[in-house]
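Order of the sequence lines sets the chain letters (A, B, ...), proteins ahead of strands, with each chain counted from 1.
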2 protein chains.
Amino acid sequence: MLDALGDPTRRAIFELLAAGPRSVAEIAADLPVSRPAVSQHLKVLKDATLVSSTAVGTRRVYTLDPHGLAAVRGYFDQFWQQALAAFAHAAENPPEEEQ
Amino acid sequence: MLDALGDPTRRAIFELLAAGPRSVAEIAADLPVSRPAVSQHLKVLKDATLVSSTAVGTRRVYTLDPHGLAAVRGYFDQFWQQALAAFAHAAENPPEEEQ
DNA sequence: ACGAACGGTAAGTCTAGGCTTTCCGAAGCG
DNA sequence: CGCTTCGGAAAGCCTAGACTTACCGTTCGT
């Protein structure tokens, strides 16, 4: 999931799709990599449920998939809560250690 | 930023720190990698402002850094908004899905 | 003051995976 | 029917970076 977004090129694709649905060739046109490379990245993103595809003739239109996006958001919200709690806890206690 | 969280080991460290502050050795004890490896990962996480360290004697206690966490949250919230808008837009168009 | 613990740095190895070229199947158009 | 466009699959190259071991510098305890 976050593995998929760890790659800069995949994030670029992800951000392009955030602006609206696109075909593979259209995505590749805005990126410094070849079309097959984009295809491979889309496969990874699709497996991570971060994007989904729709067949339109010979074209494949890709869109952001809310499922993965919601999952990622949930992941960080979870840590956000924990971090806040840990922070509040640390703010009151003097820097002591516990085990 | 997301590059830092793209690595499984770094995510493991990140999640360990979510439970509470820890020293390097304590982190390494719960991971299948050597202590220097953890040190290297912590440097990356620190550069990404995802964690911060405090010197306590010879020990270095690492904690989650709210700054990076907030940034990541903001990043995905941004796309969440866009995805919702794109979704509402797609709901009106001829819905053709596949796979 | 000496030694031990903690942890960052350096150097080197080795694998994962990102990218390319090549090729092939599928769908539209004349 | 070709022929063209689109995009996924296969094969191979090659670099980034995730590890390791070894080595210091620093700080604390006795």
Q) Is the phosphate of dC6(D), meaning OP1 or OP2, less than 4.0 Å from a side-chain N or O of S23(A)? A) no

Q: Summarise how protein sits on nucleotides 25-30 of chain D as a single string, 5' to 3': B when a protein heavy atom is under 4.0 Å from the base, S for sugar-phosphate-only contact, - for no contact.
A: --BS--

Q. Counting side-chain heavy atoms from CB outward, which of dG7(D), dA18(D), dG18(C) is closest to D7(B)?
A. dA18(D)

Q. At their closest point, which heavy atom of S52(A) faces which heavy atom of D65(A), and how far apart are they?
A. N-CB, 4.1 Å

Q.
Without decimals, in angstroms, what is the distance between I27(A) CD1 and dC6(D) C1'?
A. 13 Å

Q. How long is the line joining CZ of R59(B) and P of dG7(C), in whole Å?
A. 6 Å

Q. Do L50(A) and R10(A) have side-chain heavy atoms sitting under 4.5 Å apart?
A. no

Q. Under 4.5 Å between any side-chain heavy atoms of I27(A) and L17(A), yes or no?
A. yes

Q. Distance check: side-chain N/O of Y62(B) vs OP1/OP2 of dG8(C), anything under 4.0 Å?
A. yes

Q | Check: F79(B) and R73(A) side chains under 4.5 Å, non-hydrogen atoms | A | no

Q: Whole angstrom is fine here: how far is it from CZ in R11(A) over to C1' in dG17(C)?
A: 16 Å

Q: Rounded to the nearest angstrom, tell me the gap between atom CD1 in I13(A) and atom P in dG7(D).
A: 13 Å

Q: State whether R10(B) places a side-chain N or O below 4.0 Å from either non-bridging phosphate oxygen (OP1 or OP2) of dA18(D).
A: yes

Q) Which whole-number value in Å describes the distance from D3(B) CG to dG18(C) P? A) 11 Å

Q. So, for G68(A) and M1(A), which heavy atoms are closest and what is the spacing to 0.1 Å?
A. O-SD, 4.0 Å

**Q.** Test side chain to side chain contact (heavy atoms under 4.5 Å, CB included) applied to L69(B) and F14(B), step by step
**A.** CA-CA 10 Å; L69(B) 193 46; F14(B) 186 75; 3.8 Å; yes

Q) In residues 34-47 of chain B, what residues come within less than 4.0 Å of DNA chain D, judged by heavy atoms? A) S34(B), P36(B), A37(B), Q40(B), H41(B)

Q. Passes side-chain hydrogen bond (donor to acceptor under 3.5 Å, both in side chains), Y62(B) versus E26(B)? Steps please.
A. CA-CA 10 Å; Y62(B) 282 81; E26(B) 286 168 350; over 6 Å; no

Q) Which heavy atom of S53(A) sits nearest a heavy atom of K46(A), and at what distance? A) OG-NZ, 2.7 Å

Q) Which class fits the ring pair F76(A) and F76(B): parallel under 30°, tilted 30 to 60°, perpendicular over 60°? A) parallel

